Amino acid sequence: TKVAAENRLLYCFDRNPSKSLQMINNMIRIKSEAK
Amino acid sequence: TEISDKLYGIQDELDELARQEELLDQHKNWVQQSIKNVTDEAENTRLAYVTHEDICRHFKGDTLLAIQAPTGTHLEVPIPEIGPGFKKTYQINLKSNSGPINVLLVNKD
Amino acid sequence: AQECQNLELEKQRRLERIKHKTQQIQELILQQIAFKNLVQRNKELERTQGPPAPNSAIQLPYIIVNTSKKTVIDCSISKDKDEYLFNFNNTFEIHDDIEVLKRMGMAYGLEKGQCTKHELAKCLASVPKALEPYVLDLARGSMAN
């Protein structure tokens with residue numbers, strides 16, 4: 001399924017810093033707490 | 001007069017900050033070049049590995065997937081919908097345009 | 001006065017950029033120190049115990065997805081393995097190889113500003129001289145703070 005750009009977080013191998021992954025982890029944790 | 005003095009003062013600070021930023025850009029290039037020198041050495045490349053034990057020791061009790069993918073591979077995590085009627089699932093999409101992606105289940109036990 | 005205000009805004013933007021760039025350099029320095037330390041450790045291990053057993057080591061670079069043992073993971077893979085779709089019924093975390101090296105202590109705790117004098121000396125020896133001030137800054141806990 002295609003997801004609209006604003007509804008997803010991206011990480012690009014060997015291009016993005018670790019921070020991008022930390023943002024994904026924070027988002028997942030916040031969403032799970034909200035659920 | 002007060003404002004014009006302040007104006008000159010800020011201008012001097014901006015000039016100093018510009019010099020600092022230039023130096024930082026140079027240092028960043030040096031570090032990146034230094035890392036490239038280290039990682040390009042064949043022996044270093046061969047020795048650049050971690051054992052499964054290393055990883056399991058620091059992610060105790062979890063299921064661990066190790067993913068090796070070509071440079072530029074996209075990892076996408078859709079932001080989960082919240083609310084009644086939405087299933088509690090979290091997704092990861094991986095897409096490479098330049099070769100296969102390897103995924104390994106690290107702690108098979 | 002208006003120009004003064006504009007210059008103040010520009011000053012704030014520059015200060016923010018300088019802070020961001022300094023953090024980037026510190027992160028890169030941590031990467032270099034951790035990588036060199038890992039190579040040295042593996043060299044020592046191979047000298048005393050020989051190379052790792054087949055399929056027991058993972059070459060850098062990689063990323064790790066970790067999730068609870070109870071999580072059910074549904075995985076779909078395309079034929080030529082260039083596309084994967086994972087569905088987890090629980091939360092997960094994703095970490096890159098440098099984060100794993102930090103957890104392994106390969107950056108001597110520099111990222112937390114917690115390294116001994118001896119370790120600090122090793123860190124300083126790992127980077128070009130002109131970059132030592134960044135290492136000393138890290139040792140004072142600048143990244144942890």
Side-chain angles (χ1 to χ4, degrees), chain A, chain C residues 16-17 19-35 58-68 70-76 78 81-104 106-107 110-112 138 143-144:
Chain A
T1 58
K2 287 288 175 205
V3 178
E6 70 276 8
N7 293 329
R8 59 188 175 141
L9 293 183
L10 265 181
Y11 169 79
C12 199
F13 280 72
D14 299 334
R15 296 247 172 82
N16 283 150
S18 307
K19 262 183 189 164
S20 305
L21 292 176
Q22 284 160 25
M23 285 173 68
I24 290 173
N25 294 340
N26 290 340
M27 179 274 287
I28 291 287
R29 190 179 64 255
I30 290 166
K31 286 295 181 184
S32 77
E33 283 157 9
K35 274 184 191 255
Chain C
E16 197 55 38
R17 271 207 310 270
K19 187 176 144 202
H20 179 66
K21 288 182 178 180
T22 304
Q23 281 174 351
Q24 272 185 328
I25 292 171
Q26 287 179 336
E27 185 60 41
L28 288 169
I29 283 175
L30 282 173
Q31 274 185 36
Q32 167 151 354
I33 290 170
F35 183 87
I58 298 173
Q59 205 68 31
L60 273 70
Y62 63 87
I63 64 169
I64 287 285
V65 177
N66 64 294
T67 184
S68 156
K70 292 192 229 77
T71 304
V72 173
I73 306 174
D74 173 66
C75 175
S76 313
S78 67
K81 290 179 65 179
D82 65 350
E83 199 162 347
Y84 286 70
L85 173 64
F86 294 97
N87 273 298
F88 299 75
N89 71 349
N90 201 341
T91 59
F92 56 77
E93 285 181 352
I94 308 175
H95 300 283
D96 65 4
D97 41 16
I98 300 304
E99 172 60 25
V100 175
L101 290 183
K102 285 175 187 173
R103 293 191 184 202
M104 289 168 59
M106 288 291 124
L110 199 57
E111 73 278 11
K112 292 173 276 187
L138 280 164
M143 184 167 276

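Sequence lines set the chain letters: A, B, ... in the order given, protein chains first and strands last, and positions in each chain run from 1. If you're wondering where the values come from, they're calculated on a predicted model, not measured in any experiment.
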Return the CG to CD1 distance between C:N90 and A:I28, rounded to the nearest 0.5 Å. 10.0 Å

Taking C:E93, C:E27, C:E99 one by one, which has the highest count of heavy-atom pairs under 4.5 Å against chain A? C:E93

What are the two closest non-hydrogen atoms of A:L21 and C:D96, and how far apart are they? CD1-N, 3.5 Å

Measure the CD-NZ distance between C:Q23 and A:K19 for me, rounded to the nearest 0.5 Å. 4.5 Å

Gap separating the CG atom of C:D97 from the OG atom of A:S18, nearest 0.5 angstrom: 8.0 Å

Heavy-atom count check: over 12 atoms from other residues, nucleotides or ligands less than 6.0 Å from A:M27 CE? yes

Contact summary for C:I63 and A:F13, nearest pair of heavy atoms: CD1-CZ, 3.5 Å

List the atom of C:H95, the atom of A:N25, and the distance in Å for their closest heavy-atom pair. CE1-ND2, 3.8 Å

